[in-house]
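Throughout, a chain's letter reflects where its sequence line sits, starting with A, and its residues are numbered from 1. As the structure is a prediction and not an experimental result, all values here were calculated from the model.
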Number of protein chains: 2
Amino acid sequence: MEDAKNVTITDSEWMVMRAIWTMGHATSRELIDAMNELEGWSASTTKTLLHRLIQKQAVAQHGGSRPFTYKPVVGEKESMAAAADDLFDHMCAMRAGSTIAGVIQSRELSRADIANLQAILAEKAKTAPEEVQCNCLPGDQTC
Amino acid sequence: MEDAKNVTITDSEWMVMRAIWTMGHATSRELIDAMNELEGWSASTTKTLLHRLIQKQAVAQHGGSRPFTYKPVVGEKESMAAAADDLFDHMCAMRAGSTIAGVIQSRELSRADIANLQAILAEKAKTAPEEVQCNCLPGDQTC
DNA sequence: TTATTGTGACTACAGTTGTAAACTAATAAG
DNA sequence: CTTATTAGTTTACAACTGTAGTCACAATAA
């Protein structure tokens with residue numbers, strides 16, 4: 001099967017993806033306008049980004065006739081999860097907890113989000129280890 | 001005052017920072033060896049990265065004589081928080097909750113970490129809004 | 001004091017990213 | 001049909017990254 005996953009979406013591309021995800025599907029005109037308003041980008045810039053996203057198979061062109069429609073191929077949730085995992089993979093495992101704490105504190109979360117997180121944590125508490133090891137260097141250290 | 005903050009640390013540089021943070025301070029030899037073992041990098045690569053980190057003022061050279069000692073200028077916690085914030089800033093605010101949920105599920109957390117997160121959530125629940133708005137496009141949408 | 005070596009500084013170079021102009025092909029207007 | 005307009009494709013180009021070689025100088029051994 002084709003491997004449409006696993007491609008890195010850059011920061012600017014991410015902006016375009018957000019628009020496409022939110023709109024569900026869009027024409028290049030709609031995207032160009034949105035990106036111009038949001039980021040002040042020229043039409044060319046949005047076109048280029050859209051193109052790169054198509055090459056990366058993060059977005060697909062639909063409708064045979066000329067004003068094509070663009071739709072996301074990769075899901076927003078999955079992409080965000082991948083990006084977040086990628087970030088935490090580069091950090092010391094020992095520090096993940098406090099980093100997550102910081103994120104939670106600085107973000108707006110709905111009641112439902114919070115309830116969900118609480119449920120997950122309650123479950124996770126059952127099997128949580130006393131300590132998490134630092135994995136920054138070969139050999140056990142504590143950073 | 002000098003602005004030592006606010007510089008972007010790239011992925012490879014991050015690896016070096018992790019080593020320095022964990023060691024507390026290190027000579028280039030120690031770092032070169034660690035990076036060689038961890039990532040298989042040549043000595044030159046580590047030297048270059050170290051240099052770039054010095055230029056970015058993320059690391060400082062200490063001790064006047066030749067085998068210098070390198071120490072972190074930016075803290076690990078702050079850097080991680082900045083990186084995480086940066087990531088979430090590029091995502092739809094509406095999706096932050098589920099992304100955090102994914103991260104929590106996929107990471108190892110200590111009992112203390114979990115207790116801390118629970119405390120933060122309990123506090124946050126008091127003032128949590130019913131809904132978080134999507135901030136991907138101008139004008140309210142729901143993505 | 002000179003030869004050797006470890007360490008730091010400078011140079012290199014291809015690939016990626018951000019940003020956009022120019023060109024071409026399709027469609028709509030006259 | 002010819003022209004003007006729009007949408008899509010190619011090309012551009014500087015800055016940044018990942019990766020590493022080479023050069024110069026300080027420290028040490030002979």
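Within 6.0 Å of the NE2 atom in A/His90, the count of heavy atoms belonging to other residues, nucleotides or ligands exceeds 12. The number of heavy-atom neighbours closer than 6.0 Å to NZ of A/Lys124, taken from other residues, nucleotides and ligands shown, is above 12.
For C/dT17, neither phosphate oxygen OP1 nor OP2 lies less than 4.0 angstrom from any side-chain nitrogen or oxygen of A/Arg52. Put simply, A/Thr45 has a side-chain N or O that comes within less than 4.0 Å of OP1 or OP2 on C/dA20. Distances shorter than 4.0 Å separate none of the side-chain N or O atoms of B/Trp41 from OP1 or OP2 on D/dG18. Between B/Gln55 and D/dC16 there is no side-chain polar atom (N or O) within less than 4.0 angstrom of OP1 or OP2. The side chain of B/Thr10 contributes no N or O atom lying less than 4.0 Å from OP1 or OP2 of D/dC16. For the pair B/Thr48 and D/dA20, the criterion of a side-chain N or O lying under 4.0 Å from OP1 or OP2 is not met.
Looking at heavy-atom distances under 4.0 Å, A/Ile32 makes no contact with the nucleic acid at all.
Partner of B/Glu13 under the side chain to side chain donor-acceptor pair (under 3.5 Å) criterion, out of B/Arg52, B/Arg18, B/Lys56: B/Lys56 alone.
Donor-acceptor pairing under 3.5 Å, judged by distance alone, is absent between the side chain of A/Ser28 and the base of D/dA7. Looking at B/Ser44, its side chain comes within 3.5 Å of the base of D/dG21 through a donor and an acceptor atom.
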Yes or no on side-chain hydrogen bond (donor to acceptor under 3.5 Å, both in side chains) for B/Ser106 and A/Asp85, after CA distance, side-chain angles and deciding distance?
CA-CA 8 Å; B/Ser106 70; A/Asp85 262 341; 3.1 Å; yes
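Summarising the geometry, the separation between CE on B/Met35 and P on D/dA20 is reported as 14 Å, rounded to the nearest angstrom. Atom CH2 in A/Trp14 sits about 16 Å away from atom C1' in C/dT17, given to the nearest Å. Residue B/Arg66 contributes atom CZ, which lies 7 Å from atom P of C/dA9 at whole-angstrom precision. The nearest whole Å value for the distance from the CD1 atom in A/Ile54 to the P atom in D/dT10 is 12 Å. Summarising the geometry, the separation between CG on A/Asp11 and C1' on D/dT17 is reported as 14 Å, rounded to the nearest angstrom. Here D/dT19 presents its P atom at 12 Å from CD of B/Glu13, a figure rounded to the nearest Å. In this structure, the CD atom of B/Gln61 is 10 Å from the C1' atom of C/dT7, given to the nearest Å. The CE-P distance, from A/Met17 to C/dG18, rounds to 14 Å in whole Å.
For B/His51, taking side-chain heavy atoms from C-beta onward, the closest of the listed nucleotides C/dA20, C/dA9, D/dT19 is C/dA9. Among C/dA22, C/dA9, C/dT19, the nucleotide with an atom closest to any side-chain atom of B/Lys47 is C/dA9.
Mapping B/Arg29 and A/Gly40 onto DNA chain C by nearest heavy atom places B/Arg29 at the nucleotide closer to the 5' end.
In this structure, B/Leu53 and B/Tyr70 have side chains that are not in contact, with every pair of non-hydrogen atoms separated by 4.5 Å or more.
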